[in-house]
Structures are given as structure tokens and as C-alpha cells.
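Down below is the structure, laid out as C-alpha cells.
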Amino acid sequence: MNKFVKKGLSIALAVGLIATSFAGCAKINYVTGGAIKAIHEIKDGSWQNQEEAASVNSDDDPVVLEESFKEGTYGGVEFKSLEDVAKYYVEAYDYTKSLTAEYIQEDGSKATFYKLLGDEDMVLGDVMIDGKSNSLINNLVPGIAGGLFKPNTYGLVPCYNRNPDMDNNSEDANKKADHDFRTSGVTAEDILDANIKDNGDGTITMIIQPKAGEMSTRGDDSAGRFFEVLGDIGGVIADIDMISFTQGDALDNVKVTYKGGTVTVKINTETKEIIEADYNMLAHIAVTHASIAVIKDKSASLIITYKNHYPASDQYLMEKKGIKRAN
């Protein structure tokens, strides 16, 4: 296989996997025309089919926390069970999202947003083709993904907007939405494990590992109630002409499993305000029996780490969104 064809195949598979995986995510722009053109310029060549990539199974959901939950009193707050952890997290989340602050926008106008706004980042793991890593493909991934991901700032995830009045999943804020993200729907059933630390200064730090979720939608399951998940991307991929499947359709062959992620929140126990937080979501994407251009019946997988940190720095807010805190 000549270098041109090999590079074209690499772009095709990397774009096909990454772009389609994020096509339904509001924070990601779709693929550029140049990348699509590169796919159609492939003239010949093929890859030998190998063993399919290992399936991603939400039933395999190991605890990743260094310490498991221990009953006790932390920062003056008693925790007897994971139910208490969930209840306290919800109370802290809801109170924190009830707090607003004034911000000054680029044009000098003032706006009211959440008091606690965060930054975001995305880290891509190796693209595995038929269970094997290919350095050529993985060298192309950062360049492709770098043009797709546009960092923004929002309130505590899951979230639709930094403006509390718009923080729901209705296109019209005046209509009733399925989920109002100003409050949390987390329950004990959503938590796999947790641990708590008394910081000795009137704050506690809770580290929570949500249970695994598959093809999650915001607000609808364990992953969607903690993280900024991608939603049902199978339907989106089904509408992309450049991808076909040798068996079944997109709904049969595209799976996104969320597992191994963690939520870390530092809470002022006097007020129940979250003053610092880190949400680390791991999305395990698996595509099987996919055909893109001359690539036939291939399997690919990728782990994406999506990070939200609170509070965002003043520099981040100004550089990414042109806003600054009024006080």
C-alpha cells in the first residue's frame, strides 16, 4: 500500500470515528470540508480484516477509587450510606446552582450567570483499529480533533447554559423541559462508590464514582445525571452517508459506554456551597462492522476523557468567552 493511500485511509477512519462520535454534541463542530475531501481522494488499497475490537460492556464496571465509602462524620456531617452521599451531593448542587453573579461582557453590558462557572477540556486516547493501535492514525488525531473542540464555560454539569434561565433541555425556555438542570436528579442508585475527606477547615471533599451508563442522555441515567454526556449518537451516525455497515445498522454497531469516571466536589459544610469541583468523564466509544470508503468491515474503539473544572480562571473566561466577573 503506498503512502498516499495509507494516509488517506488513516484520515478516513480517524475522522469517521471522532467526527461521528461527536456529531450530536453541541460543543463540537462538525468535520471540515478538507477532511471529507481527503476521504474521497482514496483511489485503491484495502486492509485485511482482523479480530474485532473488544466490546465495551457496561456490566464490567470496576471501582477506580483508592478508598471505598466508610461510614462516619466528616466536617460535622454524618454519612451512614451512599444514600446520604447522594442526598448531600444533591443539596450542595442545588444550592450552588441557585447562586448567581454579575459578569461584564465584551461590549460592556452586564449579564447574570451562575456564580460558579467552569472550564472544559477534552483528551483523546489512542484510536484502536481491530484492537490494535496504529501510530500513523494516532498522530493525525490531535490535529483533526483540535479543530473540532471549542472550549466553552457553563455552570455545574450537566448543564445547558451559563444563564440559569436557559439551563434546561427545551429550545424555548418558556416551555416545560424534560429536565431542569438547575437541580440535580442524582440518587443513591446512580453511585457505584464514594469516599469523603474532612479537610479540617470547614470543608469536605467528596469523590463519587457514578455507575456505568450506555448511550446516555443528560438527566436520564447514572452517567447523564453527573456528566455532560453525548446523547444517542447512533441516530446521528445513521444519517451520515460516508459510513455504512456490513452487518446491521448504526444502532447495532455504535456503542458509547461511560464508566470509570469520577466527580470530585469540595463543599463548605456551613453553607453547602460547592466551592471547587472536577468532573472527569470517560466515554468508551466502540464502532463495529464499519465501512468508510475502501475500508470494509472494520472495528474501531476510542476512549475520550472529558474534563470540567470549577471555578474557571478569570483568564479562561476572558479568552474563551470574553466575559469577566463584575466583582
Side-chain angles (χ1 to χ4, degrees), residues 22-30 32 89-124 142 145-175 177 179-184 203 205 218-219 224-231 261 263-268 271-281 283 304-327:
F22 280 98
C25 184
K27 293 183 172 63
I28 308 298
N29 293 327
Y30 194 55
T32 64
Y89 174 82
V90 168
E91 291 173 352
Y93 182 101
D94 292 358
Y95 175 69
T96 302
K97 281 197 135 180
S98 74
L99 304 176
T100 60
E102 277 199 343
Y103 292 81
I104 301 175
Q105 304 183 97
E106 282 185 303
D107 62 2
S109 63
K110 290 185 177 181
T112 300
F113 299 138
Y114 284 119
K115 176 183 177 182
L116 187 63
L117 295 181
D119 58 44
E120 59 179 0
D121 191 21
M122 180 180 69
V123 179
L124 302 180
L148 302 176
F149 183 71
K150 305 297 182 184
N152 209 324
T153 184
Y154 292 90
L156 287 172
V157 292
C159 190
Y160 255 66
N161 203 290
R162 56 184 167 273
N163 181 342
D165 294 337
M166 303 292 290
D167 193 12
N168 58 64
N169 65 344
S170 172
E171 294 181 0
D172 184 344
N174 296 317
K175 294 180 180 178
H179 296 291
D180 184 340
F181 297 108
R182 289 172 294 186
T183 58
S184 173
T203 68
T205 297
R218 268 185 281 198
R225 283 188 277 273
F226 276 107
F227 297 123
E228 204 81 340
V229 295
L230 302 178
V263 175
T264 303
V265 288
K266 186 176 183 179
I267 303 170
N268 181 328
T271 62
K272 291 187 179 178
E273 179 181 358
I274 296 174
I275 56 178
E276 188 175 352
D278 285 283
Y279 290 74
N280 292 325
M281 179 188 84
I304 296 172
T305 304
Y306 178 61
K307 301 180 179 182
N308 299 92
H309 171 75
Y310 303 83
S313 68
D314 292 338
Q315 180 180 356
Y316 179 93
L317 293 178
M318 179 55 66
E319 289 183 354
K320 302 302 180 184
K321 300 309 299 179
I323 62 175
K324 63 180 180 179
R325 296 178 174 93
N327 298 317

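Here the structure is a predicted model, which means the values were calculated and not measured.
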Tell me, do [X] and [Y] make a side-chain contact under 4.5 Å, heavy atoms counted?
X: Asp94; Y: Ser184; answer: yes
X: His309; Y: Glu276; answer: yes
X: Asp278; Y: Lys307; answer: no
X: Leu116; Y: Leu99; answer: no
X: Arg325; Y: Leu317; answer: yes
X: Met166; Y: Tyr160; answer: no

Review point. Without hydrogens or angle criteria, can the side chains of Glu273 and Tyr95 be said to hold a donor-acceptor pair below 3.5 Å?
Key: no

Non-hydrogen atoms of [X] and [Y] that approach each other most closely:
X: Leu156; Y: Tyr93; result: O-OH, 3.2 Å
X: Pro158; Y: Phe227; result: CB-O, 3.6 Å
X: Tyr310; Y: Leu117; result: CD2-C, 3.5 Å
X: Ile274; Y: Thr96; result: N-OG1, 2.8 Å
X: Pro151; Y: Tyr316; result: CB-OH, 3.4 Å
X: Tyr306; Y: Glu228; result: CE2-CB, 3.5 Å

Review point. Does the pair Thr153 and Lys320 meet the rule for a side chain to side chain contact (heavy atoms under 4.5 Å, CB included), with working shown?
Key: CA-CA 8 Å; Thr153 184; Lys320 302 302 180 184; over 6 Å; no

Review point. Hey, do the aromatic rings of Phe181 and Tyr154 have their centres closer than 6.0 Å?
Key: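 No, the ring of Phe181 stays outside the 6.0 Å limit from the ring of Tyr154, centre to centre.
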
Going from [atom1] on [X] to [atom2] on [Y], what distance comes out if it is rounded to the nearest 0.5 angstrom?
X: Ile275; Y: Lys115; atom1: CD1; atom2: NZ; result: 9.5 Å
X: Ile323; Y: Ile104; atom1: CD1; atom2: CD1; result: 11.0 Å
X: Cys159; Y: Arg218; atom1: SG; atom2: CZ; result: 8.0 Å
X: Phe113; Y: Lys321; atom1: CZ; atom2: NZ; result: 9.5 Å
X: His179; Y: Asn169; atom1: NE2; atom2: CG; result: 6.0 Å
X: Ile304; Y: Met122; atom1: CD1; atom2: CE; result: 6.5 Å

Point to revise | Residue among Asp167, Asn152, Thr100, Thr112 satisfying side chain to side chain donor-acceptor pair (under 3.5 Å) with Arg162 | key: Asn152

Point to revise | Pairing of Lys324 and Asp314 as salt bridge, 4.0 angstrom limit | key: no

